[in-house]
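Worksheet: one structure, shown below.
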Amino acid sequence: MAIDLNDLSLKELKDLQSQVAKAISSFEDRRKKQALAELEEKARAMGFSLAELTGATQVRKRTPAVAKYANPSDKSDTWSGRGRKPRWFAAALAAGKKPDDLMV
């Protein structure tokens with residue numbers, strides 16, 4: 001596959017460059033996946049998981065927090081009670097309401 005680079009325009013050269021970069025990235029990803037699969041197979045053959053051997057912890061997926069408070073003027077605007085207080089919650093407290101009054 002011989003390409004005469006001198007005959008290509010600047011746009012064609014840049015397109016070729018981006019295609020080469022993508023091909024290199026794709027090649028590296030395939031090699032990493034292949035290596036990982038081989039290592040997992042070897043660990044499994046020895047009675048372990050790869051995570052056990054490397055000390056990597058499993059990533060927990062968190063479920064979204066359940067809404068605990070609702071905006072009195074717009075019931076679809078809710079807050080779980082975690083993180084920063086929404087403006088409507090702070091305004092309601094400043095107006096004399098109690099958090100129990102805003103519960104869902």
Taking atom [atom1] of [X] and atom [atom2] of [Y], what is their separation to the nearest 0.5 Å?
{"X": "Leu36", "Y": "Leu50", "atom1": "CG", "atom2": "CG", "answer": "6.0 Å"}
{"X": "Gln17", "Y": "Leu8", "atom1": "CD", "atom2": "CG", "answer": "12.5 Å"}
{"X": "Lys85", "Y": "Tyr69", "atom1": "NZ", "atom2": "OH", "answer": "9.0 Å"}
{"X": "Leu102", "Y": "Lys68", "atom1": "CG", "atom2": "NZ", "answer": "12.0 Å"}
{"X": "Asp77", "Y": "Arg87", "atom1": "CG", "atom2": "CZ", "answer": "11.5 Å"}
{"X": "Asn71", "Y": "Trp79", "atom1": "CG", "atom2": "CH2", "answer": "12.5 Å"}

Any Lys/Arg nitrogen of Arg31 or Glu28 sitting under 4.0 Å from an Asp/Glu carboxylate oxygen of the other?
no
Do NZ/NE/NH1/NH2 and the carboxylate oxygens of Asp29 and Lys33 come within less than 4.0 Å?
no
Do the side chains of Lys98 and Asp101 get nearer than 4.5 Å, heavy atoms only?
yes
Do the non-hydrogen side-chain atoms of Val66 and Ser80 ever get within less than 4.5 Å of each other?
no
Verify the neighbour count for atom NZ of Lys75: are there more than 12 heavy atoms of other residues, nucleotides or ligands below 6.0 Å?
yes
For the pair Asp7 and Leu5, evaluate side-chain contact (heavy atoms from CB on, under 4.5 Å) and give the outcome as yes or no after the intermediate values.
CA-CA 5 Å; Asp7 291 341; Leu5 300 177; over 6 Å; no
Would you check if the side chain of Ser18 reaches a backbone N or O of Asp15 as a donor-acceptor pair within less than 3.5 Å?
yes
Please check if the side chain of Glu52 supplies one atom and the backbone of Ser49 the other of a donor-acceptor pair under 3.5 Å.
yes
Trp88 with Val104, same ILVMFWY side-chain cluster at under 4.5 Å:
no
